[in-house]
Amino acid sequence: DAKLRGRNRFAFYSPDMAERAHERMAMEQGLMQALATDALRVHYQPVISLADGQLVGMEALLRWQHPELGLVPPARFIPVAEESGLIDRIGVWVLRQACQQALSWQRAGHRPLRIAVNVSVRQLAQDHLVEHVAAVLAETGLPPQCLELEITETAIQSIEHSRERLRQLKALGVMLAIDDFGTGFSSLSLLKHLPIDRIKIDRSFVTGLPGDSNDAAITLAIVALARSLKLALTAEGIESPEQLEFLRRHDVADAQGYLFSRPQPAPALEPLLLHGHWQPT
Ligand code: C2E
Ligand code: MG
Ligand code: MG
Ligand code: MG
């Protein structure tokens with residue numbers, strides 16, 4: 001209960017800090033071990049075309065199968081991976097897994113799917129990134145246009161040479177998407193100078209649809225922006241039929257969310273892949 005009292009008190013130093021530093025180190029070591037022992041997992045979340053319910057893509061989302069903690073979500077460990085530099089190795093691993101999986105779905109006779117992979121700020125800052133992506137494409141044989149890299153607005157803005165890096169990636173023939181769009185501070189003119197193919201409307205705006213008039217206004221502004229800049233559009237985090245209806249009515253092309261499917265291990269997605277369409281139950 002000393003700990004509980006500590007939380008309610010303002011202090012420049014708290015024993016919590018030491019505890020947290022220790023936790024971080026333990027997590028870093030655990031992550032290294034996870035890489036070595038194959039304890040990382042990639043789950044996939046379907047992307048659905050709103051016009052006809054067709055399955056058009058999958059987003060690769062990383063998890064850590066921890067021996068004691070169970071399935072650890074990326075928000076818990078990606079920051080540590082970023083700070084320690086482990087994200088470079090983890091990032092290549094995810095990319096390879098995702099490309100191999102996409103290819104094996106294609107080989108199994110499914111329609112070609114877009115596979116989306118998240119790239120974090122630290123990865124974007126490394127010039128190795130372009131070589132790594134090129135190497136994984138060459139090694140797996142996945143057509144580059146089937147791979148979409150998702151980069152947040154904030155990452156693009158916080159890195160000095162990001163525009164050049166995006167150009168180099170684009171030159172490989174891959175697709176580029178801005179993730180969590182609307183949560184950063186990009187000036188709209190930034191967009192027009194970037195070789196971007198798609199924007200993803202952040203879940204925080206979708207949550208309030210259709211009732212919240214601010215969320216609706218922001219969503220419609222993003223829809224108009226995407227249309228005039230000729231960018232593809234995906235909405236994230238659709239959980240209700242009402243949100244789906246609003247987005248469809250306003251011509252948002254693609255969507256992801258728990259309404260369609262949670263991110264799942266590849267085998268669990270077989271029924272949807274076989275059917276090729278999402279159907280309301
Ligand atoms: P993100 O790329 O914006 O991914 C969307 C997140 O929203 C995922 O969380 C997904 O599970 C969740 N989500 C999807 N639909 C819904 C919905 O309808 N409702 C709610 N409440 N949530 C939904 P997740 O998997 O925990 O990933 C969180 C973030 O971690 C990702 O955000 C991405 O920024 C990062 N991340 C995940 N995998 C990787 C990776 O392989 N590399 C890097 N660098 N970052 C990753
Ligand atoms: Mg993403
Ligand atoms: Mg997102
Ligand atoms: Mg996000």
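Atoms within each ligand, like the ligands themselves, are counted from 1 in listed order.
Under a 4.0 Å criterion applied to the non-hydrogen atoms of Glu239, ligand 1 contributes the atoms 17 (C), 18 (O), 19 (N), 20 (C), 21 (N). With ligand atoms numbered from 1 in the order given, ligand 1 contributes 44 (N) to contacts under 4.0 Å with heavy atoms of Gln123. Close approach of ligand 1 to Glu59 is summarised as follows: ligand atoms under 4.0 Å from at least one heavy atom of the residue are 2 (O), 4 (O). Close approach of ligand 1 to Gly257 is summarised as follows: ligand atoms under 4.0 Å from at least one heavy atom of the residue are 15 (N), 18 (O). Near Pro263, meaning under 4.0 Å from any of its heavy atoms, are these atoms of ligand 1: 11 (O). Interface of Gln45 with ligand 1, defined as ligand atoms under 4.0 Å from a residue heavy atom, comprises 14 (C), 15 (N).
Using cut-offs of 30° and 60° for the angle between ring planes, the Phe246 and His250 rings count as tilted.
With a heavy-atom cut-off of 4.0 Å, Asp179 touches ligand 1 through its side chain alone. At a 4.0 Å heavy-atom cut-off, ligand 1 touches Ile238 through the backbone alone. With a 4.0 Å cut-off on non-hydrogen atoms, His43 does not touch ligand 1 at all. Contacts between Asn118 and ligand 1, counted as non-hydrogen atom pairs separated by less than 4.0 Å, involve both the backbone and the side chain. Of the heavy atoms in Arg203, only side-chain atoms (C-beta onward) come closer than 4.0 Å to ligand 1. Residue contacts with ligand 1 for Arg63 involve side-chain atoms from C-beta outward but no N, CA, C or O (heavy atoms, distance under 4.0 Å). Neither the backbone nor the side chain of Leu259 has a heavy atom within less than 4.0 Å of ligand 1.
Its N, O or S atom nearest to the Mg ion (ligand 3) is what matters here, and for Asp179 that atom is OD1. Summary: OE2 is the N/O/S atom of Glu59 found nearest to the Mg ion (ligand 2). Of all N/O/S atoms in Glu150, OE1 sits nearest the Mg ion (ligand 2).
Angle OE1(Glu236) to the Mg ion (ligand 3) to OD1(Asp180), rounded to 10°: 90°.
Within a 6.0 Å sphere centred on CD of Gln145, heavy atoms belonging to other residues, nucleotides or ligands number more than 12. At most 12 heavy atoms of other shown residues, nucleotides or ligands fall within 6.0 angstrom of atom NE2 in His128. Counted within 6.0 Å of NE2 on His193, heavy atoms from surrounding residues, nucleotides or ligands total more than 12; the atom is thus considered enclosed.
Between Lys200 and ligand 1 there is no heavy-atom distance shorter than 4.0 Å. Heavy-atom distances between Glu236 and ligand 1 reach below 4.0 Å in at least one pair. A heavy-atom separation below 4.0 Å is not found between Arg262 and ligand 1.
The cluster map of Ile, Leu, Val, Met, Phe, Trp and Tyr, joined by side-chain heavy atoms under 4.5 Å apart, puts Leu113 and Val56 in different clusters.
Looking at every heavy atom in both residues, Gly237 comes nearest to Val206 through O-CG1, 3.8 Å. Across all non-hydrogen atoms, the minimal contact from Val117 to Leu95 is CG1-CD1, 3.9 Å.
Glu59 and Asn118 share a donor-acceptor pair across their side chains, judged by distance under 3.5 Å alone. Using a 3.5 Å distance cut-off with no hydrogens or angles, the side chains of Ser84 and Glu28 do not pair a donor with an acceptor.
The CZ atom of Arg163 sits 11.5 Å away from the CD1 atom of Ile196 when rounded to the nearest 0.5 Å.
Between Glu236 and the choices Arg198, Arg203, Lys200, the salt bridge (charged side-chain N to carboxylate O under 4.0 Å, His left out) rule is met once, by Lys200. Screening Leu231, Asp202, Ile199 for a side-chain contact (heavy atoms from CB on, under 4.5 Å) with Ile222, the sole residue that qualifies is Ile199.
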